[in-house]
Amino acid sequence: MLPLRSRPTAFLLLISLVVLILSPMPSHSNAVTEDSAVINASGEVTINESSPIPPNLKEEEEDKEEEDNNDDDENDDDDEEEDDDENVYYEFSDIADFPYYPEEFIGNGRPAFLCGDPGVDDEDCIVEGEFILQDFVVAGSNLASYGVLHPKFQLFEDFNIGMFLRGNESWKELLHIRRTLQRPSLSWYVDKVARKRWLQEKGYPQPEVYWMKYKSEIGGKTKEENKAEILKNLPTKHGYCAKPTHMSMTMGNWLVDLDPNQPEDTKFSKSARRLKSDDSFDPDECADSLAEGLQREAATVESWALKQVEPGIVIEELWSRRGHRDLPPFEFCIFVVWGRVYTAVMNEVSENRYLDGFFYRDGSAASGCPFKDTIPDWVPWNEMVAIAEALGANKDMIRIDMFVGVPRYSDEDAELQIAISESEIHPTTIFCSPFIADEMARLWIAGYKIGNFEVIPNIEVPADYVQRKKASLSAK
């Protein structure tokens, strides 16, 4: 006996055979037989596709096929209209064919719109080998940096201190390493005569130089002979700033605001402070002070590099604060770590020097220095950052000092300007918070420990400067 689930199918088959037997048979030889009749899953009788098709059925099928073709043509027209329909559905037969990227990317092997491609705006382009996202910090790790291949930082060999590091040095310990480095080329960065000549050649902004010479260029072997030459070159028609070029911390600086029509009203300062006319200005005293500076060496606390700088004198343009012409300009000492600005200290000067705060690269104030919330709007900060980072390239740490003010004898409504004052490889900055120095030390060390750098020859320092310095050391 058939299983119960098979009985409906068997019954339908029996009824279909009876109907076929009792029905009139076609007279042609291609009649449908029991073998060619098939019952589908729905119980309907169909003709086996492998069986011969009777002529009358074939004609009917051909007519139907022609109608279908006509319908297809109409449907094609409809499809063209539906192509613009937002509700069109697509199917992909293979996951490999799925267009994960826009069509214009396929086949290129990389995204379009790369920096440098023809017709691509530099502001909107994508840097090849980098992701757009730079920061995605989770549990203290920046996940955005994973798999990104950045070019190695090119570090000048004379700045390299990696061989001296344990990895946990404090700021003072790092400065001690820098202070005691005996590398002649480093003197160039703190040699104001050599540096100012180079800055002028490269077109960097700085106060106009009226007269500047090394001691060996001034002539004379005695202090009196040096004094006479300096006095001869002090301006008499306008004011100036005069200082030794081998010292720091404003030692030996003279600021003189001279009115040739009323010399008795000349304002001056012997220590780069507010200019006053309480005392009578004596050019002979100024020249004598500068000549004395030529006979002195840099202070004991200074770096080996600065102590090797040949003494010299610079007489340059007097700068002041806009709106307060008897005050020196604001000064920004900008720390650049591995080619990137970390922080800057803002100083203002009146009777004394005052700290206005430390500011990070984005202009925000450093914690622990509650003088200002952000860097003042009038400060041309972005331009200063760009200059500092250009001068800080290829160095692990350097400080670039700049003035923000106006030339003393410019118009009252003159716009604020930037002027580079000096650079320092062994900064003696006093921090308002120890955490600022601690963090800078950590960043300084991190550049070495992470190790994405390569040491290259210093191509910035003129070769003849290094040769002269080595010859001078040999003579000593």
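These figures come from a predicted structure and were not determined experimentally.
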Side chains of [X] and [Y]: does their closest heavy-atom pair fall under 4.5 Å?
X	Y	value
R399	T429	yes
W211	E229	yes
L355	N347	yes

Distance check, rounded to the nearest 0.5 Å: [X] atom [atom1] versus [Y] atom [atom2]?
X	Y	atom1	atom2	value
D288	K227	CG	NZ	4.5 Å
D282	S289	CG	OG	11.5 Å
F156	Y189	CZ	OH	5.0 Å
D326	R274	CG	CZ	5.0 Å
N168	K449	CG	NZ	9.0 Å
L165	I177	CG	CD1	5.0 Å

Short side-chain to backbone donor-acceptor contact, [X] and [Y], under 3.5 Å:
X	Y	value
E389	V336	no
Q308	L473	no
H238	E317	no
T245	K192	no
S364	Y360	no
R408	S320	no
N160	G162	yes
Y448	I161	yes
S141	L143	no
N142	F136	yes

- Message: Please evaluate residues L318 and V256 with respect to the criterion side chain to side chain contact (heavy atoms under 4.5 Å, CB included), reporting the C-alpha separation (whole Å), side-chain torsions for both, the decisive distance (0.1 Å), and the verdict.
- Response: CA-CA 8 Å; L318 179 66; V256 180; over 6 Å; no
Distance-minimising heavy-atom pair for [X] and [Y]:
X	Y	value
T266	S277	O-CB, 3.6 Å
I315	A242	CG1-CB, 4.0 Å
W381	A344	CH2-CB, 3.5 Å
M402	I418	SD-CG2, 3.7 Å
S423	R195	OG-NE, 3.1 Å
G405	P329	CA-CB, 4.0 Å

- Message: Is the distance between the ring centroids of F403 and F330 under 6.0 Å?
- Response: no
- Query: Does F453 have its ring centroid less than 6.0 Å away from the ring centroid of W338?
  - Reply: yes
- Item | Verdict with supporting geometry, D438 and R442, salt bridge (Lys or Arg N to Asp or Glu O under 4.0 Å) | CA-CA 6 Å; D438 289 345; R442 182 167 55 84; over 6 Å; no
- Message: Tell me every residue that passes side chain to side chain donor-acceptor pair (under 3.5 Å) with S216, counting only those two or more places apart in sequence or in another chain.
- Response: E310
- Please name all residues satisfying side chain to side chain donor-acceptor pair (under 3.5 Å) with Q200, sequence neighbours left out, ordered by chain then number. none
- Does Y354 OH have over 12 foreign heavy atoms under 6.0 Å away? yes
- Query: Got a sec: does the CG of D373 have more than 12 other heavy atoms crowding it under 6.0 Å?
  - Reply: no
- Residue pair W198, Y465: steps toward the ring-ring contact (aromatic ring centres under 6.0 Å, His included) verdict: CA-CA 12 Å; W198 182 82; Y465 181 90; over 10 Å; no
- Dump the intermediate steps for salt bridge (Lys or Arg N to Asp or Glu O under 4.0 Å) on E292 and R296, then the final yes or no. CA-CA 7 Å; E292 176 64 26; R296 296 176 177 268; 3.2 Å; yes
- How far apart are the C-alpha atoms of R273 and V349, what are their side-chain angles, what is the distance that settles it, and do they pass the side chain to side chain contact (heavy atoms under 4.5 Å, CB included) test? CA-CA 6 Å; R273 302 289 194 270; V349 180; 3.9 Å; yes
- Taking it one step at a time, do R322 and E415 satisfy salt bridge (Lys or Arg N to Asp or Glu O under 4.0 Å)? CA-CA 8 Å; R322 187 176 63 179; E415 294 184 0; over 6 Å; no
- Query: Would you call the rings of W171 and F335 parallel, tilted or perpendicular if under 30° counts as parallel and over 60° as perpendicular?
  - Reply: perpendicular
- Task: For a side chain to side chain contact (heavy atoms under 4.5 Å, CB included) with E302, tell me which candidate from E297, M249, R179 qualifies.
- Result: M249
- S185 and N458 side chains, donor-acceptor separation under 3.5 Å: no
- Query: Going by distance alone, is a donor N or O of one side chain under 3.5 Å from an acceptor N or O of the other, for Y214 and D191?
  - Reply: yes
- Task: Start with the C-alpha gap between K243 and T250, add the side-chain angles, then the distance that decides, and say whether side chain to side chain contact (heavy atoms under 4.5 Å, CB included) holds.
- Result: CA-CA 8 Å; K243 56 189 174 184; T250 69; over 6 Å; no
- Message: With side chain to side chain contact (heavy atoms under 4.5 Å, CB included) as the criterion, how do L294 and I230 come out once you've worked through the C-alpha distance, each side chain's angles and the decisive distance to 0.1 Å?
- Response: CA-CA 11 Å; L294 286 177; I230 294 171; 4.0 Å; yes
